[in-house]
Protein chains: 2
Amino acid sequence: MASKKKTTIKDIANVLGITPSAVSKALSNHPRISDKTKTAVLQIAQNLNYQPNHLASALRKGKSNLVGVIIPKANSHFFSSIIEKIEDVLNEKGYNVIIAQSNESYKKECKSIDALLYTQVDGIIASMANETVKLDYYEKIKSKGIPLILFDRGENDLNVDYVGIDDYLSSHMVIEHLVEQGCKRIAHIAGFSHTRIYKNRIRGYRDALEKFGLPIEESLIIESNLGIEDGRRIMRQLLELKNKPDAVYAAGDYAALGALQVLQENHIDAPKDIALVGFTNEPFTSLVTPSITSVEQHSEQIGKVAAETLLKRLGSPNEKVSLNKLILPAELIIRSSSKKVNI
Amino acid sequence: MASKKKTTIKDIANVLGITPSAVSKALSNHPRISDKTKTAVLQIAQNLNYQPNHLASALRKGKSNLVGVIIPKANSHFFSSIIEKIEDVLNEKGYNVIIAQSNESYKKECKSIDALLYTQVDGIIASMANETVKLDYYEKIKSKGIPLILFDRGENDLNVDYVGIDDYLSSHMVIEHLVEQGCKRIAHIAGFSHTRIYKNRIRGYRDALEKFGLPIEESLIIESNLGIEDGRRIMRQLLELKNKPDAVYAAGDYAALGALQVLQENHIDAPKDIALVGFTNEPFTSLVTPSITSVEQHSEQIGKVAAETLLKRLGSPNEKVSLNKLILPAELIIRSSSKKVNI
DNA sequence: TATTTTTGTTCAAACGTTGAAACAAATATA
DNA sequence: TATATTTGTTTCAACGTTTGAACAAAAATA
């Protein structure tokens with residue numbers, strides 16, 4: 001079968017009686033190659049079904065045209081649509097994208113980083129695992145001079161480009177909305193405060209309460225991993241308080257969903273008895289009954305901007321471009337779970 | 001900064017006063033290299049922070065250790081957990097995984113295939129886009145002699161290894177369950193019959209009805225893309241029939257969810273009035289109320305077997321191993337939406 | 001016609017690693 | 001002690017492409 005031996009630039013050269021180097025130049029449209037040769041080369045290349053050997057050219061050029069993307073989990077609309085957008089933008093410019101999932105594990109994240117470095121990616125776009133507190137592996141990327149862009153889950157200490165939303169302001173939007181609905185005791189199912197975005201959401205929550213003259217009660221702020229089970233557990237915990245909240249703001253949609261389930265199991269009406277707001281605007285928030293109010297982060301936009309920022313870095317390497325901290329606007333999507341009927 | 005020039009095998013050789021080739025052999029634990037040199041090399045490699053250049057070794061060895069995975073959309077538990085498992089198995093053996101999403105588009109799928117081939121992947125694991133009917137690009141993979149494994153969405157005509165579940169039997173399980181619940185008029189929200197898996201689900205549905213002595217009515221079988229909107233549209237259509245069904249079997253969970261929404265909007269009780277069964281066991285099926293009965297395909301298992309099958313091909317290339325058609329068992333997860341209370 | 005410029009191509013080295021073959025030294029076997 | 005074997009290393013070419021320099025021929029300029 002013809003499948004065994006791949007055709008190389010050399011084969012084309014032989015057919016035409018010219019040198020491989022001429023073929024190479026012809027293929028890359030070098031100005032000094034005659035149009036005659038160029039068309040001839042293209043023709044033969046087609047005939048022989050020539051496919052350039054990326055490995056060889058990458059080696060020679062010291063550039064792999066591969067970009068690594070590290071995400072906690074592809075299994076969410078948020079991340080998968082970001083990836084889709086990143087692919088769009090980078091493919092357009094001739095880059096291919098390698099996706100690695102950390103599964104929220106620090107160890108897996110480190111392995112992924114090593115794998116990407118080993119594959120000689122030209123750049124990395126990443127969102128950190130929840131678990132990650134040590135930044136050594138990210139420092140490693142930086143120290144190799146490989147452009148690194150963080151999105152969503154970033155870390156200020158790293159001093160790299162970042163794309164995300166204004167979590168602090170988003171919390172304000174949420175609280176403002178709930179206050180407008182007449183809520184006075186707003187609980188916060190929070191993410192772990194060692195992660196920047198969750199810390200900011202907590203800060204925003206506190207400051208907003210203060211702004212609206214509501215008291216801050218520590219018993220109403222509970223940190224977790226924001227999974228469904230966390231939401232269930234914490235909601236139960238909140239319902240056991242002598243003084244129950246009249247609203248719950250969860251920093252993640254899955255936690256919000258868990259909370260909703262517990263409310264329904266206890267025949268507590270959302271939004272009438274307790275209003276509920278989530279975060280991330282996962283598709284299911286609009287599918288469950290009642291639909292859940294949530295914060296849309298415009299993931300495609302985040303993906304687009306992250307990819308474009310990387311391209312900028314790749315275009316002008318080791319240039320001392322000042323750091324980009326790109327904060328995109330978020331949007332509160334108001335649904336049934338927080339619309340008090342009596343208002 | 002030290003980041004600019006990467007240390008190579010040559011640098012290590014220079015430090016130790018030996019040849020690059022000796023270093024290479026030491027690093028790959030060649031038996032003829034003395035332990036003394038080996039430890040020395042390892043030591044210096046560490047000191048100089050040496051990272052092997054994958055590109056060079058891949059070029060030389062004619063093997064990239066990269067495997068491409070093509071999926072329609074990462075945004076589902078089914079596909080993302082398959083990927084996770086594939087990564088597990090392949091990373092273990094020193095392979096890295098490149099993920100490409102086709103977004104159910106034939107054009108994007110073709111582009112992805114080209115990108116993977118260009119990147120010189122050693123093998124490809126793929127699940128075909130719904131849209132795909134022309135197999136030319138998959139033939140291209142085959143013709144290059146690159147191992148190809150299909151899963152879930154496969155195609156018999158391609159003559160390649162396949163991993164999936166027994167769709168025909170799964171339909172039988174569903175119908176049997178519904179019949180046990182006393183259902184007599186079972187509608188089928190089907191996938192497009194040009195796709196093998198959906199064709200088989202339809203065949204299973206028909207044959208099972210026949211087996212249980214139930215009439216087959218063409219008006220109760222409607223093909224679609226199985227999105228939420230499709231489910232809604234088709235459910236409305238079914239409710240307009242003079243003779244309504246008493247059960248609906250959807251070949252996809254999203255379609256089932258859409259159907260459920262329409263039932264609730266029309267105050268039709270599931271399962272009492274109309275029982276409902278979905279397919280794929282997406283996480284949300286257990287989260288909505290009522291929870292939706294669905295078919296679990298054991299995605300991790302599919303991922304594991306697909307990866308292992310590829311490894312087998314990579315291990316013994318161009319060997320005439322007979323084709324593997326691996327059909328794994330599926331499982332019906334019975335939930336509220338199909339449990340008739342009066343039985 | 002002599003000289004410069006332009007055009008189209010070839011030459012040769014490089015990218016970093018690998019592995020077969022060659023080789024010398026050390027060790028074992030006769 | 002002479003010869004065979006083993007051990008540890010070096011030599012060298014190769015993987016396929018790219019690129020700057022060199023070169024000859026053709027075209028333009030003087």
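We name chains A, B, ... by the order of the sequence lines, and we start the count at 1 in each one.
- At the heavy-atom level, B/Ser24 lies under 4.0 Å from base atoms of the strands shown.
- In terms of the salt bridge (charged side-chain N to carboxylate O under 4.0 Å, His left out) criterion, residue partners of B/Asp122 (sequence neighbours excluded) are, by chain and number, B/Lys63.
- For B/Lys111 and A/Glu87, the salt-bridge test fails: no basic side-chain N is under 4.0 Å from an acidic carboxylate O.
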Practice item. Starting at the 5' end of nucleotides 5-15 of chain D, put B wherever the base has a protein heavy atom under 4.0 Å, S where only the sugar-phosphate does, and a dash everywhere else. Key: --BBBBB-BBB
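- One finds no salt bridge joining A/Glu131 and A/Lys107 here, because no Lys/Arg side-chain nitrogen approaches an Asp/Glu carboxylate oxygen to under 4.0 Å.
- Atom CG of A/Leu55 and atom C1' of C/dT17 are 12 Å apart (whole Å).
- Taking atom CG on A/Leu16 and atom P on C/dT10, their separation rounds to 10 Å, with Å as the unit.
- In this structure, B/Tyr118 places its OH atom 10 Å from P of D/dT17, rounding to the nearest Å.
- The distance between atom CD1 of A/Ile9 and atom P of C/dT10, rounded to the nearest whole Å, is 13 Å.
- Between B/Asp11 atom CG and C/dG16 atom P there is a gap of 9 Å when expressed in whole angstrom units.
- The residues B/Lys144 and B/Glu139 are annotated as not salt-bridged, no charged nitrogen and carboxylate oxygen being separated by less than 4.0 angstrom.
- A salt bridge links A/Glu104 to A/Arg153: at least one charged side-chain nitrogen sits closer than 4.0 Å to a carboxylate oxygen.
- For A/Asp161, the side-chain hydrogen bond (donor to acceptor under 3.5 Å, both in side chains) partners are A/Arg313, not counting sequence neighbours.
- Counting to the nearest Å, the C1' atom of C/dG16 and the NZ atom of A/Lys63 are 19 Å from each other.
- To the nearest angstrom, P of D/dG16 lies 15 Å from CG of A/Leu48.
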